[in-house]
Amino acid sequence: MKFQVPRGTRDILPGEAERWQWLEDRTRSAMALYGYREVRTPFFEATDLFVRSVGEATDIVRKELYTFQDRKGRSLTLRPEGTAPLVRSYLENAALRAESPARLYYMGPMFRYERPQAGRYRQFWQIGAELLGSARAEADAEMIDLFRAILADVGLTNVTVLLNSLGDQVCRPRYRESIRAYFTKHENELCGDCKERLETNPLRILDCKVPSCAPVIAGAPSVLDSLCEDCAAHFEAVKRALTALSIPYEVTPRLVRGLDYYTRTVFEIHAANLGAQNAVGGGGRYDQLVKDFGGPDTPAIGFSIGMERLLLATGEESSPPAPKPDVCVVSLTPDAAMEAQALARALRGPLTALVDVNGRSSNAQMKWASKTGARWAVFVPKGPEGYAVRDMAKGLDETAQPTADALRRWLTERRDLVEAGR
Ligand code: HAM
């Protein structure tokens, strides 16, 4: 074999693809129930869009972007996430700003050059929702509620909501300095990456998974102790709102997330059975991003769910069974092949119908028909009594129907009875 799927990517094959469709369908209905509407942005954007939002010092921008030049020398990047593209679109399209708040969602592949492992890919899919135009705690609560509703709708209820606040432009710089001072004192105990982060992005040290860093991190000052009055009040209001909705949460002062645009609330939802990559998704407020992109003052909040992780966490039992056709049309003579096609087409709509396109013998077609799991085989050319029908499950010839219309009605009725379990 000459070619292989690129490292960190994979094919989603029939069988699994039905699970994806099912997840997509459920998500779309949940989004509709909450009044969120879909936006489909391009898979690539100007590189600067991500540098300016996700942040120059983040791992995503420094190490994980798929960046290339197009033929005119423009620097473009395969989107590593969906929030910055959505904000770009929001500012570019007045229609999206017509309603305030704007409730929007997206679903699609994202690209990050990460070290592949279970639940971590270089092309992965996200479901994301964004609410632009509210600074109030009710918006935070709606977001987390929607996130949980999507998970619950596909059977994932054993989850933990982790909640933190990162402050804003008033209190975060103070916290950044106090944490930089603390880690500088303990520099010798930090791993190589964290020593580097001390300069570039000291907050990210809190998120380091290297075991030797854990004791130093445990002693670090908590962001919650340095929130300014407004941020502290907002955080309290968010907690009250979640309690009012009976949503349990764990306050996690070490939760910092890997993107720079966050202000105030950040959250993740973890599922117990996911192992190391246990975040099904995460999000938070980004009250400055629209303004940073040159737009009006527009506080906003959103989240994204990793679809591979969600499917991993829900497990096989929640997925729909592989589809079987209702009918196979079998041609008894080689010259009836096109009559078979025409009949299959006439049956389709209420029924799923397959037909041989390999010129197989009628015996071989019968074998193929039973392999597909079709409940019925119907035969062409039409006999003197009409189209003969065999029930493949019972191995019985059942009836003959005079016309294609009569056949379609008869089969549809039977199929509905079988599906109703009668
Ligand atoms: P994020 O935490 O970078 O946030 O990604 C969200 C989710 O995407 C993760 O929790 C995980 O489930 C999934 N994910 C991330 N990287 C990978 C990967 N390499 N392989 C598989 N799954 C992955 C964001 O992307 C923000 N845009 C979320 C947000 C929306 N914040 C505000 N609005």
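Just so you know, ligand 1 is whichever comes first in the structure, and atom 1 is the first atom listed for that ligand. Because only heavy atoms are used, hydrogens play no part in the values below, and waters and symmetry mates are left out as well, while side chains stay in.
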- Quick one: do the Asp145 and Tyr34 side chains pair a donor with an acceptor below 3.5 Å?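 Short answer, yes.
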
- Query: Would Trp376 and Glu398 count as having a side-chain donor-acceptor pair, cut-off 3.5 Å?
  - Reply: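 Yes - a donor-acceptor pair under 3.5 Å links their side chains.
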
- Task: Only one of Glu38, Glu130, Glu142 passes salt bridge (Lys or Arg N to Asp or Glu O under 4.0 Å) with Arg103; say which it is.
- Result: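 When Glu38, Glu130, Glu142 are each tested with Arg103, the salt bridge (Lys or Arg N to Asp or Glu O under 4.0 Å) holds only for Glu142.
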
At under 4.0 Å between heavy atoms, is it the side chain or the backbone of [X] that contacts ligand 1, or both, or neither?
X      : result
Arg120 : both
Glu268 : neither
Tyr261 : side chain
Arg122 : neither
Leu259 : side chain
Tyr262 : side chain
Arg257 : side chain

- Could you tell me if any non-hydrogen atom of Gly128 lies under 4.0 Å from any atom of ligand 1?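 Contact absent.
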
- Query: Does ligand 1 have any atom sitting under 4.0 Å from a heavy atom of Gly258?
  - Reply: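 No, Gly258 has no heavy atoms under 4.0 Å from ligand 1.
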
Is [X] in polar range of ligand 1, meaning some N or O pair under 3.5 Å apart?
X      : answer
Tyr286 : no
Gly306 : yes
Glu81  : yes
Tyr106 : no

Which heavy atom of the protein is the closest neighbour of [atom], given with residue, atom name and distance?
atom                    : result
atom 20 (N) of ligand 1 : Tyr121 N, 2.9 Å
atom 22 (N) of ligand 1 : Phe124 CD1, 3.5 Å
atom 11 (C) of ligand 1 : Arg309 NH1, 3.4 Å
atom 5 (O) of ligand 1  : Gln126 NE2, 3.2 Å

- Kindly say whether Pro253 contributes a backbone atom to a donor-acceptor pair with the side chain of Asn164 at under 3.5 angstrom?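 Yes, Asn164 side chain to Pro253 backbone: donor-acceptor pair under 3.5 Å.
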
- Task: Using atom types as modelled and distance alone, determine if a side-chain donor or acceptor of Tyr182 lies under 3.5 Å from a backbone N or O of Val216.
- Result: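 Present.
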
Where ligand 1 meets [X] - atom numbers and elements under 4.0 angstrom, heavy-atom basis:
X      : result
Glu114 : 16 (N), 17 (C), 18 (C), 19 (N)
Gly119 : 20 (N), 21 (C), 22 (N)
Gly282 : 10 (O), 28 (C), 29 (C)
Ala279 : 10 (O), 11 (C), 12 (O)
Val280 : 10 (O), 12 (O)

- Are Tyr105 and Tyr36 close enough that their ring centres sit under 6.0 Å apart?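 No.
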
- Query: Are Arg120 and Glu308 close enough, and set up right, to give a salt bridge (Lys or Arg N to Asp or Glu O under 4.0 Å), and what steps lead you there?
  - Reply: CA-CA 8 Å; Arg120 205 207 272 151; Glu308 285 84 358; over 6 Å; no

- For the pair Phe303 and Phe147, name the ring-plane relationship: parallel under 30°, tilted 30 to 60°, perpendicular over 60°.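 Correct class here is parallel.
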
- Item | Glu138 CD: over 12 foreign heavy atoms closer than 6.0 Å |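 Yes.
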
- Task: Output all residues satisfying side-chain hydrogen bond (donor to acceptor under 3.5 Å, both in side chains) with Arg62, sequence neighbours left out; order by chain, then residue number.
- Result: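 So Arg62 forms a side-chain hydrogen bond (donor to acceptor under 3.5 Å, both in side chains) with Glu196.
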
- Message: Tell me whether the NZ or CZ atom of Arg122 lies within the 45° cone about the ring axis of Phe111 and under 6.0 Å from its centre.
- Response: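 No cation-pi geometry.
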
- Query: Can you find a pair of side-chain heavy atoms, one from Asn201 and one from Asp260, that are under 4.5 Å apart?
  - Reply: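 The answer is yes, as the side chains (C-beta and beyond) meet within the 4.5 Å cut-off.
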
